[in-house]
Amino acid sequence: MSLRFLPLSANLAVGAFMIFGFVTAGSATAIAQDSTEDVAIACEENSTSPEGLCDCVGERSAELTEDQRAFYVAAMNKNDAETTRLRGVLSPNELIDVATFMRVSPMECVSQN
């Protein structure tokens, strides 16, 4: 059985817009800060992860700041306006940390089970 978390093209696109800002501009609206449960829901709704994996990703997201979790949720939901707004809020290191989290947390959750 093959586990697919995000297609390679999605991973590349997420990395590109997080680092270089290749997103469409739009009017940013404030969204309530996202919880670890919101991260799990965004993961479940926008990936083909096996059952239970997104719960683990949600739990692991407690290591992120509220703004980083909001970025994760916005990126997974393809909310370009919110990801653009958050790119202005998060420091470069915080963006790198959330990008790394998006890439490695599913693999870490698989390996822990």
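Residues meeting the salt bridge (charged side-chain N to carboxylate O under 4.0 Å, His left out) test with Glu63, sequence neighbours left out: none. For Glu94, the side-chain contact (heavy atoms from CB on, under 4.5 Å) test picks out Thr65, Gln68, Leu90, Ser91, with sequence neighbours left out. A search for side chain to side chain donor-acceptor pair (under 3.5 Å) contacts involving Asp97 returns nothing, not counting sequence neighbours. Shown here are the side chain to side chain donor-acceptor pair (under 3.5 Å) partners of Glu51, two or more places apart in sequence or in another chain: there are none. Taking Ile41 as the reference, Glu37, Glu45 meet the side-chain contact (heavy atoms from CB on, under 4.5 Å) condition, with sequence neighbours excluded.
In terms of heavy atoms, Cys43 sits closest to Ser47 at O-OG, 2.6 Å. A pairwise comparison of heavy atoms in Asn46 and Met76 identifies CG-O, 3.0 Å as the closest pair. Between Tyr72 and Ala42, the shortest heavy-atom contact is CE2-CB, 4.4 Å. Between Gly58 and Thr36, the shortest heavy-atom distance links the atoms O-CB, 3.0 Å. The two residues Ala75 and Met102 have their closest heavy-atom pair at CB-CE, 3.8 Å. Scanning both residues, Ser105 and Val57, for their nearest heavy atoms gives OG-CG1, 3.8 Å.
Although no hydrogens or angles enter the test, the distance criterion places a donor-acceptor pair under 3.5 Å between the side chain of Arg69 and the main chain of Leu64.
Side-chain contact between Gln112 and Cys56 is present, with heavy atoms from C-beta onward closer than 4.5 Å.
The salt bridge (Lys or Arg N to Asp or Glu O under 4.0 Å) analysis of residues 104-113, with sequence neighbours excluded, yields the pairs Arg60-Glu108.
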For this session: Carefully, step by step, assess Phe71 and Val89 under the rule side-chain contact (heavy atoms from CB on, under 4.5 Å).
Result: CA-CA 10 Å; Phe71 187 93; Val89 171; over 6 Å; no
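The CG atom of Leu53 sits 9.5 Å away from atom CD of Glu44, with the distance rounded to the nearest 0.5 Å.
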